Chemist: 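For reference, the structure I am asking about is given below.
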Amino acid sequence: MKRAILAALGLASSFTLPASAEDIKVGLLLPFSGVYAALGNDIETGFNLALEHFGGETDATFEILKEDTEVKPPVALGKAKKLILQDKVDVMAGIVSSGVLGAVRDLVHGANVPLIVANAGNDEATGANCSPFITRMSFSNGQVNRPMGKWLHDQGIGKVFTLAPDYAAGRQMIDGFVSTFAKAGGKIVGQEFTPFQKTQDFGPYLAKAKASGADAVFVFYAGGEAISFVKQYDSFGLKSDLPLYGSGFLTSPLYVNAEGPAAEGVITALHYVPTIESPANETFAQAFEAKTGRVPSEFAVQGYDAARALIEASKTGANDRETLANALRQVSFEGPRGKLSIDPATNNIVQPIYVYETVMGENGLTQKVLAQLSAEADPANGCEMAPVSK
Ligand code: BEZ
């Protein structure tokens with residue numbers, strides 16, 4: 001059995017297979033604890049599923065070494081150093097938080113280690129701080145939120161109050177939305193950034209939103225914070241008078257059931273919903289459901305596509321840091337999200353964005369697509385992409 005499959009089953013480290021020239025050591029850097037632990041676990045499940053589905057298409061074998069970032073940039077930097085300097089990985093994948101991505105960017109760039117970003121949307125990592133060694137298979141924070149600014153204004157919403165956690169992703173997601181909402185003629189009547197990983201009571205912020213005169217509220221929250229926020233928004237009695245919009249992580253299928261009826265009617269935008277109708281998505285969604293008993297989330301699909309990108313890159317014969325970095329930037333395939341490619345100007349993924357409403361379906365909460373907004377490539381945002389060099 002190939003090591004790729006063993007790794008997917010969590011058995012790689014207990015088997016000693018003869019080393020081959022095509023063994024690729026992969027450092028999987030994800031939060032397995034902290035506010036984004038569920039996201040990290042879902043990315044890993046998707047990653048392993050792609051190894052099972054596509055691992056047989058390459059001669060390469062993959063040895064997976066996992067480290068927990070704890071959603072703490074200094075901890076993540078230490079773990080990344082261990083993977084690169086001590087374990088000597090050929091490639092790294094993962095990273096959920098934009099703060100963590102900002103912290104490890106110089107290390108991976110300086111060490112010439114390819115990094116496949118499987119979540120963190122930090123705009124700078126594919127903008128002013130872009131690197132030929134960083135390829136993003138997830139989204140950028142601006143990319144997910146810019147289309148929603150114009151769309152919301154087109155629905156007749158003129159005044160918006162925004163809320164997000166106070167760290168890189170929160171600020172960039174809101175900036176992306178505000179840039180297009182304001183350009184379309186909308187007005188931001190108030191903004192709050194809540195202490196990241198520390199806010200349990202959103203009441204004082206919701207009181208400000210209520211008093212602001214806004215027509216609607218637009219937010220970014222994810223993971224445990226999204227569950228608390230959506231529930232408190234509903235129990236504060238705001239949902240009927242002040243409709244809630246946001247980036248789609250707010251009502252991710254990963255935890256929408258924990259939000260329950262409070263999530264019903266919330267409208268958000270994202271690069272993946274499990275209800276996309278395509279053969280590639282149906283195959284993926286069925287396999288994911290068979291394995292986990294639930295529908296896949298955007299996090300699962302990002303892990304799946306990150307591993308698929310690695311397999312595609314290895315099929316070109318790439319097997320060390322430089323050749324993998326080069327090949328990863330050139331992958332393109334049809335995945336559950338649709339046709340995916342990497343923008344050579346930034347190394348960020350190009351993909352459509354879906355506006356969806358969380359509605360009650362026959363089997364519980366589900367995602368009703370209201371609009372598909374065109375495939376978005378980011379502006380270069382100061383990225384001057386250099387060739388891969390040793
Ligand atoms: C981020 O920090 O980039 C992020 C975290 C969770 C969901 C989406 C983005």
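The shown structure was predicted, so the numbers you read here are calculated from the model rather than taken from an experiment. Counting convention: from 1, in listed order, for ligands and their atoms alike.
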Chemist: Identify the two heavy atoms, one from V256 and one from A263, that lie closest to each other, and give their separation to 0.1 Å.
Modeler: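 Nearest heavy atoms, V256 then A263: CG2-CB, 3.7 Å.
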Chemist: Output side-chain donor-acceptor pairs under 3.5 Å for residues 324-336, partner residues at least two apart or in another chain, one line each.
Modeler:
from, atom 1, to, atom 2, distance (Å)
R329, NE, N347, OD1, 3.2
Q330, NE2, N326, O, 3.0

Chemist: Between S98 and N141, is there a side-chain donor-acceptor contact under 3.5 Å, judged purely by atom types and distance?
Modeler: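 Present: a donor and an acceptor within the cut-off.
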Chemist: Distance only, no hydrogens: is a donor on one side chain within 3.5 Å (strictly under) of an acceptor on the other, for S140 and D378?
Modeler: yes
Chemist: Taking ring pair (Phe, Tyr, Trp, His ring centres under 6.0 Å) as the test, write out the residues that go with Y233, two or more places apart.
Modeler: F229
Chemist: List the protein residues in contact with ligand 1, where contact means a heavy-atom separation under 4.0 angstrom.
Modeler: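 Y36, L39, V96, S97, S98, N119, A120, G121, F139, N141, Y167, A169, M173, F220, A222, F249.
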Chemist: Quick one: salt bridge (charged side-chain N to carboxylate O under 4.0 Å, His left out) partners of K72, sequence neighbours excluded?
Modeler: E70
